[in-house]
Amino acid sequence: MLMALATRTDRRPSTIRTLWDSSVGKKTVMAVTGLIMLGYLVAHMAGNLKIFFGPGDFNGYAHWLRTMGEPVLHYEWALWIVRFVLLAAVILHAVSAAQLSRRDIKARPVKYVHKRPRASYATRTMRWGGIILALFIVWHILDLTTGTVHAGDFQHGQAYQNVVGTFSTWYGNTIYIVAMVALGLHIQHGFWSAAQTLGAGSRNRDRLLKTVANVLALVLTLGFIAVPVAVMTGLVS
Amino acid sequence: MKLTLRVWRQKNADEPGAMSTYQVDDISQDMSFLEMLDTLNEELTLKGEDPVAFDHDCREGICGACSLVINGDAHGPERTTTCQLHMRSFSDGDTIDIEPWRASAFPVIKDLVVDRTAFDRVIQSGGYISAPTGTAPEAHATPVPKPDADYAFENAECIGCGACVAACPNGSAMLFTAAKVSHLNVLPQGAPERESRVLDMVATMDAEGFGGCTLAGECATACPKGIPLFSITNMNKEWLRATRKSGKR
């Protein structure tokens, strides 16, 4: 069969250009960077739980994070690679989110007079939840990585003592727990959405994807919150 | 039934609008929602007032002309078109809010009528197939597997009413565009433009000022034709595939 197709004389823009210029492409960027951060969080949460084995184990683990990859890599190189990847992921995720949100808000300039909640709580709180998480990350790094805003006597290499210091204050616990609840809600909608954006969702796979999203959200939130709760109850001191 | 209607009235695209309140009596439960509005308009005309402008055509739920956001729901409380919505879905004494589709890509022309030509431009950019003209081809020449035919038909049910855009918190046209892309991309007849179709239709959708998809799922809930939310997933997949393939050429 002969198909008479019009010959396109214009060239398509590059793949990167197409991705960044399209709302679907920016969602793809958000999905991929979100999954990178999610993978990191699973490792981070699992590592945090080493605190229940005592200061020796926990501080030893913290030290290993700096020596991992040796002798191929130099001291702290692997850690810095992870940090750069995460920083790039956070920036790409946040910039895409901001640009997409601006487009979304502009697309509905006149609101409905008859108001009713649209979509689930987790879906509706994605933007504010994201902002809460961004602010939390800044505080968290200043608190437990650099020690700039740490409440007690911050000492590099004494991760166990620093964690106990943070969670001995009421505001340290409050900020952390609020952020971890926001994280759970963000992941619940975010993981499932990322699957749809990357074209991995389907009618048959939906229950599985929603279950994985719920389990990830619950396990991460509870796993992270376990540490301040343990400090508050005196299990870790 | 006696009802209180709060209706969006707007003279034209340039003047600001507002909700106006009307009382209607003698409404039968068997009336369709549009017949109820016809009754109101008769009364308004007799009183010498300007009748409420609203879109309608076939009144049998297949053309996609009717619209209306009723009490915050596109096409009202039942999962059907406004013309197929009946007054038995409401109770005597109810107050009903009636608003136009709200989206910057669908500007209000008058009262409850919005300009939906943005959808036409999305279709023009790729919602077609290139077929030689002449006599109809022999039907067995192009076999279509049954599941593919069913999938195409499920998406072909879209009547382009725009309820998805009206219901979406972001005024996104993803479900509409996804229905068209999914309908044609699964069929052998749509294969020659498989990549250009999805790339061009998504680009036009963005250019028309529709919002992005946050997978809230409101569109699929409002859709009178039951276009599944997973059509959006499929369009995302088609878009990524086309982006990869076109990048190599």
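Letters A, B, ... mirror the listed sequences (proteins, then strands); counts begin at 1. Keep in mind that this is a model prediction, so the values were computed, not measured.
At a 4.5 Å heavy-atom cutoff, the contact between A:Ser193 and chain B is made by backbone and side-chain atoms alike. Contacts between B:Asn234 and chain A at a heavy-atom distance below 4.5 Å are absent for every atom of the residue. Proximity to chain A involves both the backbone and the side chain of B:Ala166, based on heavy atoms less than 4.5 angstrom apart. Looking at B:Ile70, there are no atoms closer than 4.5 Å to chain A (heavy atoms on both sides), in backbone or side chain. The parts of B:Ala103 that come within reach of chain A are both its backbone and its side chain, each placing non-hydrogen atoms under 4.5 angstrom from that chain. Looking at B:Ser172, there are no atoms closer than 4.5 Å to chain A (heavy atoms on both sides), in backbone or side chain. Heavy atoms closer than 4.5 Å to chain B are found in the side chain of A:Lys27, but not in its backbone. Contact annotation for A:Lys111: only backbone heavy atoms (N, CA, C, O) come within less than 4.5 Å of a heavy atom of chain B. Residue B:Met174 touches chain A through its side chain alone, counting heavy-atom pairs closer than 4.5 Å. Looking at B:Arg241, neither its backbone nor its side chain comes within 4.5 Å of chain A, counting heavy atoms on both sides. Within the 4.5 angstrom heavy-atom criterion, no atom of B:Val108 approaches chain A.
Residues of residues 197-218 of chain A that come closer than 4.5 Å to chain B, counting heavy atoms only, are A:Thr197, A:Leu198, A:Gly199, A:Ala200, A:Gly201, A:Ser202, A:Arg203, A:Asp206, ordered by residue number.
Of the possible polar contacts, none joining the A:Ser96 side chain to the A:His93 backbone as a donor-acceptor pair under 3.5 Å is found. Of the possible polar contacts, one joining the B:Trp101 side chain to the B:Cys161 backbone as a donor-acceptor pair under 3.5 Å is found. Of the possible polar contacts, one joining the A:Thr169 side chain to the A:Thr166 backbone as a donor-acceptor pair under 3.5 Å is found. A distance-only check finds a donor-acceptor pair linking the side chain of A:Lys26 to the backbone of A:Trp20 [under 3.5 Å].
Salt-bridge formation is not detected for the pair B:Asp111/B:Lys11: no Lys NZ or Arg NE/NH1/NH2 atom is positioned less than 4.0 Å from an Asp or Glu carboxylate oxygen. Using a 4.0 Å cut-off between charged side-chain N and carboxylate O, B:Asp55 and B:Arg116 make a salt bridge. For the pair A:Asp104 and A:Arg108, the salt-bridge criterion is not met [side-chain N within less than 4.0 Å of a carboxylate O].
Taking the six-membered ring where the residue is Trp, the centroids of B:Phe153 and B:His183 are separated by 6.0 Å or more. When ring centroids are compared, B:Phe210 and B:Phe176 stay outside the 6.0 Å threshold.
Per-residue heavy-atom pair counts under 4.5 Å with chain B were compared for A:Thr18, A:Asp21, A:Val113, A:Thr123, and the maximum is reached by A:Val113. Options B:Met235, B:Glu238, B:Glu218, B:Glu208 differ in how many heavy-atom pairs under 4.5 Å they form with chain A, and the most are formed by B:Glu218. Contact count against chain B (heavy-atom pairs under 4.5 Å) is highest for A:Thr28 among A:Thr28, A:Ile16, A:Leu100, A:Ile105. Among B:Leu199, B:Asp206, B:Asn236, B:Asp97, the residue making the largest number of heavy-atom pairs under 4.5 Å with chain A is B:Asp206.
Side-chain contact between B:Thr21 and B:Thr95 is absent, with no heavy atoms from C-beta onward closer than 4.5 Å.
Taking all atoms of both residues into account, the shortest heavy-atom contact from B:Asn155 to B:Ala179 is CB-O, 3.3 Å. Closest non-hydrogen pair, A:Asn173 versus A:Pro228, comes out as OD1-CB, 3.3 Å.
With sequence neighbours left out, B:Ser67 forms a side-chain hydrogen bond (donor to acceptor under 3.5 Å, both in side chains) with no residue at all.
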